[in-house]
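Single-structure report; data block below.
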There are 2 protein chains.
Amino acid sequence: MLENLQKIRIENPVDLIISQVRNLISSGAIKPGEKLPSERKLAEHLGVSRSQVRSAINKLEFYGIVRVAPQSGTIATGLGIVALEGLITDILKIENADFKSLVETRVLLEKEAARLAALNREESDLEEMKKALQAYEDKLSQGESAVEEDLLFHIKIAEASKNAVLKSLMLVITPDIVNSYINLKVCSESKTRVTIAEHREILEKIKNKDSEGATKAMAFHLDAVQDFSKNFKPQ
Amino acid sequence: MLENLQKIRIENPVDLIISQVRNLISSGAIKPGEKLPSERKLAEHLGVSRSQVRSAINKLEFYGIVRVAPQSGTIATGLGIVALEGLITDILKIENADFKSLVETRVLLEKEAARLAALNREESDLEEMKKALQAYEDKLSQGESAVEEDLLFHIKIAEASKNAVLKSLMLVITPDIVNSYINLKVCSESKTRVTIAEHREILEKIKNKDSEGATKAMAFHLDAVQDFSKNFKPQ
DNA sequence: GACCAAAAACTGGTTGACCAAATATAGCGC
DNA sequence: GCGCTATATTTGGTCAACCAGTTTTTGGTC
C-alpha cells in the first residue's frame, strides 16, 4: 500500500537559492564582472534568511561562478559557461559515475602521467617514489590493506610528470577510486606480489627516462583493473 | 629601501584551522568513520569562534575530507589519502598551473572524449552538438568573441562520450581554459573560419562513428593552441 | 542486574545584532 | 561648477544566543 506513495523531493533551500542566482547570471541579467545584489537584498527578495544566501554564495564561489570581495560585494566571474547549461551540479559529483568511466579515465590519466614522468622526472622525484613504494610494501607485509599507499605511489608519479593540472585531476578522482576499490573489493590479496613487481617496473622505466616503456608498464599494471571494470557491472 | 622588507604572510585563520583539523585526521588521532570533536569544543580548544570552525568544516566537507551529519556530528571520511600529504591545497587550485600543463592535459582529455564520442554517441547527442556549433557560428557572425560557445561544443562532445568522469574533469578545467584564453588572447579573430571548418570535421567523424578519424581531427584542431603554448611563455 | 521511558546534555543549523572596511553622499572652500 | 574632505550608508564578516533534532544520562521498575 505504501508503495503507491510518490516519493516527494525535498529540495534543499540552499540549492534552490543557488539555481536562482545562477539563472540571474546565465540569463544575462548580471553580466560577468558585475556585482550581484547584496546578500541582504537577495535574502529579502527570495524570502529567506541571510545566512542561507550566504551559504549559497559560498558554494557558488567554490564552483568559481562568483568571487566575493569583503566589504565590497559579490561579483560574477566571466566563467559563464559553467553556469550556462545547468552543469554546476555535475561538477565534482563524480560519485554518481559508473565504475567503468572512472577506471577508463584513470587509465588515460595514469598513462600520460607515466609518460611525462619518464621525460621530466628529477632525482628528488625518484626518491619520493621510492619512499612511497616502500611504504606500500611495508603496509602489505603487515598483512593490511594498502589501497591508499598504492594510490600515493601513483600520485607521486603524477607529481614527477611536472604537469600540475594532471596531478590535480588525479587528486580529484582519487577519493572516488579509493571508495570504489574498497566497495568492490578490487584488490585481491593474492596479487599483491605481482603489484609490487609492476610498481617496481614502472619506477625503473621512469628512472631510465624510457617514456614509451613507462607508458606500457603502466598500461599493463592497470590492465587487470580495467578488465575487471569491463566484465563486472556494479550494483 | 622598501624592497628590503620581507613580505609577511597573512594566513587566513580559517586555513589554519583547516590544517589543524587535517592533521588531527592524518596523524591518526581521528580514524575514518570516527566523529570529530564538536564545533564548540574545537572552537574553544583552538581559541577561535565557532563560525570560523564552521567555515573550516564546510570547506573540508567540500574537499570530501569529512561529512557532517546534522544534529549528530561531523565524521571523518575514509579518504585519508588526500589529507595524508598536505595535498588538499592543491586540489582545485589549478589557477596556479602553467598554461602549458593546462593545454597538454586538455588535449589529452579532448582526444579521448572525441574517440569515445565516436563510439558511443546517440542521435540526440548529434543534435546537441549541432545546436552548440550553430550557437558558436551565430555568435561569431555577429563579430563577437565566442570562447564560451566554443568550449560548450567541446563539452557536448564529452557528454556524447558517455563517460561521466571525463566530462566532469573537462568541466573542472574549463573555467581555467576560458581564463587563460582570454588573458593570452589565444583566439585570433582571423582564424575563426578555419575553426568552424574543423569543428564540422570533428562532428562529421563522430557522426560516422569513425573513432580514429575523430581523434585525429580533434588533435589537429587543438594543434594550433598546443603549439602556441609550447612556444609562448606566459607572463 | 536488565530493561525502559523520561529528561538532561549535546549536536549542527539558524538567526538577528553588531563590526570594520569599502563606497557613496553631502557639504564646504574656492 | 570643481575638488576635496568629512560623514553616512552599504558591504561582507563575525559573533553570541537560540532552535530542533539526536544522543547520552538518569531514575525508576520489574
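We name chains A, B, ... by the order of the sequence lines, and we start the count at 1 in each one.
Computed from coordinates, the R40(B) CZ to dA16(D) C1' distance equals 11 Å when rounded to whole Å. Distance, E39(A) CD to dG16(C) P: 15 Å, rounded to whole Å. Atom CG of L42(A) is separated from atom C1' of dT11(D) by 13 Å (rounded to the nearest Å). Rounded to an integer number of Å, the gap from CD of E44(A) to C1' of dG16(C) is 14 Å. If you take NZ of K59(B) and C1' of dG13(D), they are 13 Å apart, rounded to a whole angstrom. Protein atom CD1 of I75(B) is 11 Å distant from nucleotide atom P of dT23(D), rounded to whole Å. Protein atom CG of N58(A) is 13 Å distant from nucleotide atom P of dG13(C), rounded to whole Å. Nucleotide dG12(C) holds its C1' atom 14 Å from the NZ atom of K41(B), rounded to whole Å.
The two residues I57(B) and V66(B) come nearest to each other via the heavy atoms O-CG2, 4.1 Å. Contact detail for I30(B) and P37(B): the closest heavy-atom pair is CD1-CD, 3.9 Å.
Other residues, nucleotides and ligands place more than 12 heavy atoms under 6.0 Å from the CD atom of E61(A). In this structure, E34(A) places its CD atom where more than 12 heavy-atom neighbours from other residues, nucleotides or ligands lie under 6.0 Å away.
For the pair H45(B) (side chain) and K41(B) (backbone), a donor-acceptor distance under 3.5 Å is absent. Between the side chain of S55(A) and the backbone N or O of S51(A) there is no donor-acceptor pair closer than 3.5 Å.
Relative to the axis of its first five pairs, the axis of the last five pairs of the helix from dG1(C)-dC30(D) to dC30(C)-dG1(D) sits at 20°, rounded to 10 degrees.
Under 4.0 angstrom from either OP1 or OP2 of dG12(D) there lies at least one side-chain N or O belonging to T74(A). In terms of phosphate contacts, S72(A) brings no side-chain nitrogen or oxygen within less than 4.0 Å of OP1 or OP2 of dG12(D). Taking 4.0 angstrom as the limit, S38(B) places a side-chain polar atom (N or O) nearer than this to OP1 or OP2 of dT11(C).
A heavy-atom distance below 4.0 Å to DNA chain D is reached by these residues of residues 46-56 of chain A, ordered by number: R50(A), R54(A).
Between H221(A) and H154(A), the two ring planes are parallel [angle under 30°; tilted spans 30° to 60°].
Under the side chain to side chain contact (heavy atoms under 4.5 Å, CB included) test applied with F153(A), the options I155(A), I157(A), L151(A) reduce to a single match, I157(A).
For Q71(A) and dG12(D), a side-chain-to-base donor-acceptor distance below 3.5 Å is present, hydrogens and geometry of angles not being considered.
Between K162(A) and D125(A), at least one side-chain nitrogen of the basic residue sits less than 4.0 Å from a carboxylate oxygen of the acidic one, meeting the salt-bridge criterion.
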